[in-house]
Visitor: 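So that we are looking at the same thing, I have put the structure below in structure tokens.
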Amino acid sequence: MSAPFDHLLEATIDHLKREKARGVKYVQVDESSLAALSQAAPQPAKSAPAAGVPSIARPKRPSLPSTPQQPRARATAQPSPVQPSTPAPSPSRISREEKETAMAQLRERAMACQKCPGLVAARQNVVFGVGDIHSPLMFVGEAPGADEDRQGEPFVGKAGQLLTKIIKTMGYSRETVYIGNILKCRPDTPGQEWGNRKPTPEEMDTCKPYVISQIDIIQPKVIVALGATAVQGLLGETQGITRLRGNWTEFRGVPVMPTFHPSYLLRQDDLGTKRKVWEDMLQVLERLGAPISDKQRGFFLKK
Ligand code: URA
């Protein structure tokens, strides 16, 4: 099934659910729309799917979770009905155009999201994500801070500048990887003009379908989860990042490398911690099959 078709289908279902909630019992669909819909529907597979590949004609597709549902108050936010379970999306042969269309549609929905009224009221921008959606490498952080909220781009503040440096040292650039967050809006700090706060588990659950969809569309070869909150948001894993970092795990079939958040690195600022992050990045490069120079291997090693 094509991703644009999935997204259209999900948007239609969401729309119908909203209509139903408003008390609408019937919708009118003219003949030409019906004909167009039946043509757009994917045909059942003719041959048996390869081992381990889900059937094309599956009725429910967990891989591209529907995004926004009803607007929901933060206080009453419930985990999304589409649970980000571990099953991997089908290894679809999604074309570049399909990816671009799907991501553009997802972005549009995220930009208009009203699910957390507190965050909506406080935000200046929805911080959707940035970079190359065809990249094999995706970084996932926790949530935008003040700088990101102002500029509408993830990781542009001090921690972001350090992340950019790490990415460059790996041989990539911000333009050749994809960078996103679990939360697309800055966690509000009512009553104070400054500072950041950690996203709540409810906020992360509410926003998680967006990052899941981003992952499913991008289908990166590796995800780097930045910091304990990102790991918790993505994997529900509450063990400390000190324990988790450096050890491969998996999310929706994609290898995930947890590592320290760049803001932790800024606070620590010692060679040992920097080296640990760098070792994690070397593992990432190895997994990607990217070339690693002797100079890169030697970074942050005491002479
Ligand atoms: N920290 C994050 O986790 N994400 C950002 O975008 C900025 C800082």
Side-chain angles (χ1 to χ4, degrees), residues 103 106-107 110-111 113 116 119-120 122-133 135 137-168 172-189 192-208 210-215 218 220 222-238 240-242 244-245 251 256-269 273-274 277 280-281 284:
M103 194 62 98
L106 181 67
R107 184 187 182 91
M111 299 312 276
C113 185
C116 306
L119 307 195
V120 172
R123 78 185 176 204
Q124 290 187 40
N125 280 296
V126 174
V127 181
F128 180 69
V130 71
D132 181 6
I133 67 165
S135 179
L137 179 55
M138 177 170 179
F139 290 83
V140 178
E142 70 177 59
D147 294 316
E148 290 76 18
D149 178 48
R150 229 181 345 263
Q151 296 185 41
E153 187 172 325
F155 283 99
V156 289
K158 280 205 173 107
Q161 285 157 24
L162 180 54
L163 176 64
T164 306
K165 235 180 185 175
I166 295 170
I167 291 169
K168 280 189 184 157
Y172 293 88
S173 68
R174 281 178 74 90
E175 292 73 37
T176 58
V177 301
Y178 193 84
I179 308 173
N181 282 309
I182 303 283
L183 233 64
K184 306 303 183 210
C185 293
R186 182 180 183 220
D188 57 342
T189 50
Q192 65 185 58
E193 299 270 306
W194 49 271
N196 290 320
R197 73 164 170 83
K198 227 174 107 165
T200 65
E202 291 76 20
E203 286 167 345
M204 290 200 280
D205 277 345
T206 304
C207 209
K208 195 165 169 179
Y210 289 117
V211 78
I212 292 177
S213 289
Q214 286 175 309
I215 292 167
I218 296 171
V222 170
I223 295 170
V224 176
L226 298 162
T229 310
V231 175
Q232 190 188 340
L234 220 47
L235 306 160
E237 183 55 77
T238 53
I241 187 71
T242 310
L244 296 170
R245 66 140 284 275
F251 184 66
V256 176
M257 173 53 67
T259 195
F260 291 128
H261 194 284
S263 60
Y264 176 75
L265 272 186
L266 286 173
R267 288 197 301 274
Q268 290 301 108
D269 197 29
T273 314
K274 284 181 188 160
V277 171
D280 300 343
M281 296 309 102
V284 167

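Whatever order the structure lists them in is the order used to number ligands and atoms, beginning at 1.
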Visitor: Give the intermediate values and the outcome of side chain to side chain contact (heavy atoms under 4.5 Å, CB included) for residues Arg245 and Val231.
Guide: CA-CA 10 Å; Arg245 66 140 284 275; Val231 175; over 6 Å; no
Visitor: Looking only at protein heavy atoms, identify the closest one to atom 4 (N) of ligand 1 and say how far it is in Å.
Guide: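 Going atom by atom, the protein heavy atom closest to atom 4 (N) of ligand 1 ends up being Asn181 OD1, 2.8 Å.
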Visitor: Please determine if Asp205 and Lys208 form a salt bridge, counting it only when a charged side-chain N lies under 4.0 Å from a carboxylate O.
Guide: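 Salt bridge: no.
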Visitor: If you have a sec, work out which protein heavy atom is nearest atom 1 (N) of ligand 1 and how many Å separate them, to one decimal?
Guide: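 Looking only at protein heavy atoms, the one closest to atom 1 (N) of ligand 1 is His261 NE2, 3.2 Å.
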Visitor: For Thr176, is there any backbone N or O sitting under 3.5 Å from a side-chain donor or acceptor partner on Ser135?
Guide: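 Checked: pair present.
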Visitor: Output yes when the distance from some N or O of ligand 1 to some N or O of Gly141 is under 3.5 Å, and no in every other case.
Guide: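 Not met; the criterion fails.
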Visitor: Relative to atom 8 (C) of ligand 1, which among Gly160, Gly180, Ala143, Ser263 owns the nearest non-hydrogen atom?
Guide: Ala143
Visitor: So does Gly157 get a backbone contact from the side chain of Glu148, meaning a donor-acceptor N/O pair under 3.5 Å?
Guide: yes
Visitor: Counting from 1, what ligand 1 atoms have a heavy atom of Pro154 closer than 4.0 Å?
Guide: 6 (O)
Visitor: Regarding atom 7 (C) of ligand 1: of the candidates Lys184, Glu142, Glu148, Lys158, which has the closest heavy atom?
Guide: Glu148
Visitor: Can you tell whether the side chains of Arg123 and Asp188 come within less than 4.0 Å, N to carboxylate O?
Guide: no
